[in-house]
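Structure first, then comments.
Just so it is clear, the model here is predicted, and its values are computed rather than measured.
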Amino acid sequence: MIFLQSSMPVVVWIILIILGLIIGGGIGYLIRVKTVEKKLSSAKDEADKVLTDAQKTLLNAEKEAEAKLQEASSILANAEKEAEIKKKESINEAKEEITKLKQEAEIDIKERKKSVVELETKLDLREDNLDRRSNSLDHREELLNAEKVKIDEKKQELDEQNNKINEILRLQEEKLVEIAGYTKEEAKNIIFEAVREEMKTEIASYIKDEEEKAKLEAQAKAKNILSLAIQKYSGEIASETTVTTVALPAEEMKGRVIGREGRNIRAIESLTGVDLIIDDTPEAVVLSGFDPIRREIAKRSLEILVSDGRIHPARIEEVVERCRNDVELVIRELGEDAVFKTGIGKIHPDLIKLIGRLNFRTSYGQNVLQHSIETAMLAGKMAAEIGENEILARRAGLLHDIGKAVDHEIEGSHVEIGVELANRFHEPKEVIDAIASHHEDVAPKSVIAVLVAAADALSSARPGARSDSLENYIKRLESLEEISNSVKGVQSSYAIQAGRELRVIVNPDEVDDLTIFTIARDIKTQIEQKLQYPGTIKVTVIRETRATDVAK
């Protein structure tokens, strides 16, 4: 408004304003240029200062790097020296260890040589003992022959004395009739009483002689047949129990068998039906179960799992199934092998499997398959000796215990089950009769059945074939002594030779020499009636009179 009110023209004012603006802008520009130059100068100074500091720092870094390099070279040299020293020490230690092992090996070789020498010495001693025993047996045989000659001479003397006694009795009877004047009937009665008293002794003597004669003949014939049968066959004996032990390579393997939270051991037990007992026994696991086939499957499975190292439920299931198939194959092979060994000819395939299962069954510690094969061979040899069918006797002997293959699965005794199986597979009647009568449940109807029963008793009752518990053994010995001690006239008795012989000592003042045979027969009868025992028990009655005096 001022500009409009002034007298100066507007254009002049505009020009003045523009000039003022131009001058002001130039002055401001000059001021800014000076300011920038000052800032540039200051920045240059700072940059020079920083560059100087950087150069100093770089020099220091180069010096430190050179020092570190020298230090590293020194450390490397020391390390090489130490490595060389360690190498020499290791070589020396290895040489010492080799020397030590060599010395130990030499000591071990010396000890083994010493044990071999000791063993050879023992064998020489045993050979000498056998030679001495053979000489002793020869000497004993000579003594027995001399004793037999003496007994024959004494027997002849006794016969002569008996003849003299009979003659004296005849003369006495004649004088008695002549002097006493008895009637014929009275004299007959008197003589009869005297003869009856005399005959008691003669009857006892006759019974003794006849019993000994029968025993000698029967024993000689039976020994001949049995010795020939045993000579031609000798079976292996295998003893099994209700537990099986599996060895482990290391103690820590027990933890892997158990598995996390016990899943592995539960899987094995559920798949096999066998209990796993893991206790303090070092490097071993015990398998417990009544079924030997299950134990065999579990044993094979665990051995494969332990050797493989992969133990988990899926792997366990796979291995158990494979082992179950393997065991089935083994059972069939065992059955076929038994049939081949005994040579009984063609037989039903299912019976072959049952025969193979007997290998995993025991009776009083005796393997039933080996017992059956042994019974078959013995029955066959005895049948051949007496002219019976040898192959049929072997067949009956092999199948006589076939019921034991499934008696833990089917209700009934193994005899009843065996008869049922034999009828099902159409076995000959002699075989069925042998199965039914080999434990005297029924009377045998054929000679083959009697031979099988005898072979079964021979195989099972011979010493060492079967095991017996200590408690039953002690009870049997006590019962033997109680039976003998209850007989009148017995002073004492002793069960010896593991209960296979009973020695009875009688009072010589109460029992005479002939009565001891009656006592022996009475004790034998009571043992047969009251006791159950394997094999035979020999009863020996001893009567001894002693005369003692003291020289002063």
- Query: Is Asp350 paired with Lys353 through a side-chain N to carboxylate O contact shorter than 4.0 Å?
  - Reply: no

- Euclidean distance, Glu303 CD relative to Leu248 CG, rounded to 0.5 Å: 10.0 Å

- If you measure from CG on Asn135 to CG on Asp131, what distance do you get to the nearest 0.5 Å? 7.0 Å

- Item | Any Ile355 side-chain heavy atom under 4.5 Å of Leu334 side chain | no

- Kindly indicate whether the side chain of Val368, heavy atoms from C-beta on, has any atom under 4.5 Å from the side chain of Ser372. yes

- Message: Check whether Asp433 reaches the backbone of Pro444 with its side chain - one donor and one acceptor, N or O, closer than 3.5 Å.
- Response: no

- Item | Candidate pair Met382 and Glu385, rule side-chain contact (heavy atoms from CB on, under 4.5 Å), full reasoning | CA-CA 5 Å; Met382 289 189 288; Glu385 291 294 329; 5.5 Å; no

- Does the side chain of Arg395 reach to within under 4.5 Å of the side chain of Glu430, using non-hydrogen atoms? no

- Task: Check for a donor-acceptor pair, side chain of Asp108 on one end and backbone N or O of Glu104 on the other, with a separation under 3.5 Å.
- Result: no

- Query: Side chains of His348 and Ile352: closer than 4.5 Å at any heavy-atom pair?
  - Reply: no

- Message: If we check salt bridge (Lys or Arg N to Asp or Glu O under 4.0 Å) with Glu296, which of these qualifies: Lys299, Arg294, Arg300?
- Response: Arg300

- Message: Please report the interatomic distance CG(Leu76) to CD(Glu80), rounded to the nearest 0.5 Å.
- Response: 4.5 Å

- Verify side-chain contact (heavy atoms from CB on, under 4.5 Å) between Glu328 and Arg332, making sure each step is shown before the conclusion. CA-CA 6 Å; Glu328 289 294 330; Arg332 176 170 289 279; over 6 Å; no

- Message: Has Asn389 got a side-chain atom pairing as donor or acceptor with Leu392's backbone, closer than 3.5 angstrom?
- Response: yes

- Query: Within the distance-only criterion (no hydrogens, no angle test), does the side chain of Arg361 pair as donor or acceptor with the backbone N or O of Ala405 below 3.5 angstrom?
  - Reply: no

- Query: Does atom CD of Glu261 have more than 12 heavy-atom neighbours, drawn from other residues, nucleotides or ligands, at distances under 6.0 Å?
  - Reply: no

- Heavy-atom pair with the smallest gap, counting every atom of Ala455 and Leu378: CB-CB, 3.8 Å

- With the threshold set at 4.0 Å, does a side-chain nitrogen-carboxylate oxygen contact exist between Asp128 and Arg132? no

- Drop me the distance from Ile344's CD1 to Leu399's CG, to the nearest 0.5 angstrom. 5.5 Å

- Under a 4.5 Å cut-off applied to non-hydrogen side-chain atoms, are Val504 and Ile523 in contact? yes

- With side chains defined as the heavy atoms from C-beta onward, is the minimum distance between Glu269 and Val274 less than 4.5 Å? no

- Item | Check: Asn78 side chain, Ser74 main-chain N or O, donor-acceptor pair, under 3.5 Å | yes

- Message: Are more than 12 heavy atoms, taken from residues, nucleotides or ligands other than Glu317, located less than 6.0 Å from that residue's CD atom?
- Response: no

- Query: Are the charged groups of Lys341 and Asp337 less than 4.0 angstrom apart, N to O?
  - Reply: yes

- Task: Would you mind checking if Lys87 and Glu84 are paired as a salt bridge, meaning a charged N to carboxylate O distance below 4.0 Å?
- Result: no

- Short N-O contact, Lys95 and Glu97, less than 4.0 angstrom: no

- Task: Output, in order, the C-alpha distance, side-chain angles, deciding distance and verdict of side-chain contact (heavy atoms from CB on, under 4.5 Å) for Leu302 and Val285.
- Result: CA-CA 9 Å; Leu302 191 57; Val285 174; 4.1 Å; yes

- Item | Donor-acceptor contact below 3.5 Å, side chain Glu388 vs main chain Val447 | no

- Task: Could you tell me whether a side-chain N or O of Asp456 sits under 3.5 Å from a main-chain N or O of Val452, the two making a donor and an acceptor?
- Result: no

- Message: If you compare all heavy atoms of Gly418 against all heavy atoms of Ile435, which two are closest, and at what distance to 0.1 Å?
- Response: C-CG2, 3.8 Å

- Message: Looking only at the aromatic ring of each residue, does the gap between the centers of His400 and His439 stay below 6.0 angstrom?
- Response: no

- Heavy atoms of Leu305 and Ile311 approach each other most closely as O-CG1, 3.7 Å

- Message: Could you walk me through whether Lys114 and Glu111 satisfy the salt bridge (charged side-chain N to carboxylate O under 4.0 Å, His left out) test, starting with their C-alpha distance in whole Å, then the side-chain angles of each, then the deciding distance to 0.1 Å, before giving a yes or no?
- Response: CA-CA 5 Å; Lys114 183 178 178 182; Glu111 291 179 352; over 6 Å; no

- Sequence neighbours excluded, every pair satisfying ring pair (Phe, Tyr, Trp, His ring centres under 6.0 Å) that has a member inside residues 106-151: none

- Message: Under a 3.5 Å threshold, yes or no: a donor from one side chain and an acceptor from the other, between His312 and Asn264?
- Response: no

- Message: Looking at Ile505, I want to see if its CD1 is surrounded by more than 12 non-hydrogen atoms of other residues, nucleotides or ligands under 6.0 Å.
- Response: yes

- With no hydrogens and no angle check, do the side chains of Asn485 and Ser493 hold a donor and an acceptor under 3.5 Å apart? yes

- Query: Side-chain contact, heavy-atom cut-off 4.5 Å: Thr375 with Leu398?
  - Reply: no

- Task: Return yes if some donor-acceptor pair links the side-chain N/O of Arg394 with the main-chain N/O of Met377 below 3.5 Å, else return no.
- Result: no

- Query: How long is the span from the NE2 atom in His414 to the CD1 atom in Ile417, to the nearest 0.5 Å?
  - Reply: 9.0 Å

- Distance col, row Glu318:CD vs Arg310:CZ, nearest 0.5 angstrom, shows 7.5 Å

- Thr272 side-chain N/O to Ile268 backbone N/O, donor-acceptor pair under 3.5 Å: yes

- Task: Specify the closest pair of heavy atoms between Tyr494 and Glu481, including all atoms of both residues, with the distance to one decimal.
- Result: CA-OE2, 3.8 Å

- Steps toward side-chain contact (heavy atoms from CB on, under 4.5 Å) verdict (Val406, Leu421): CA-CA 10 Å; Val406 291; Leu421 291 172; 4.2 Å; yes

- Query: Are any of the side-chain heavy atoms of Ile483 and Leu531 separated by less than 4.5 Å?
  - Reply: yes

- Message: For Arg112, is there any backbone N or O sitting under 3.5 Å from a side-chain donor or acceptor partner on Ser115?
- Response: yes

- Least distance between heavy atoms, Asn367 atom then Asn359 atom: ND2-O, 2.8 Å

- Query: Looking at Arg543 and Val506, what are the two nearest heavy atoms and their distance?
  - Reply: CB-CG2, 3.7 Å

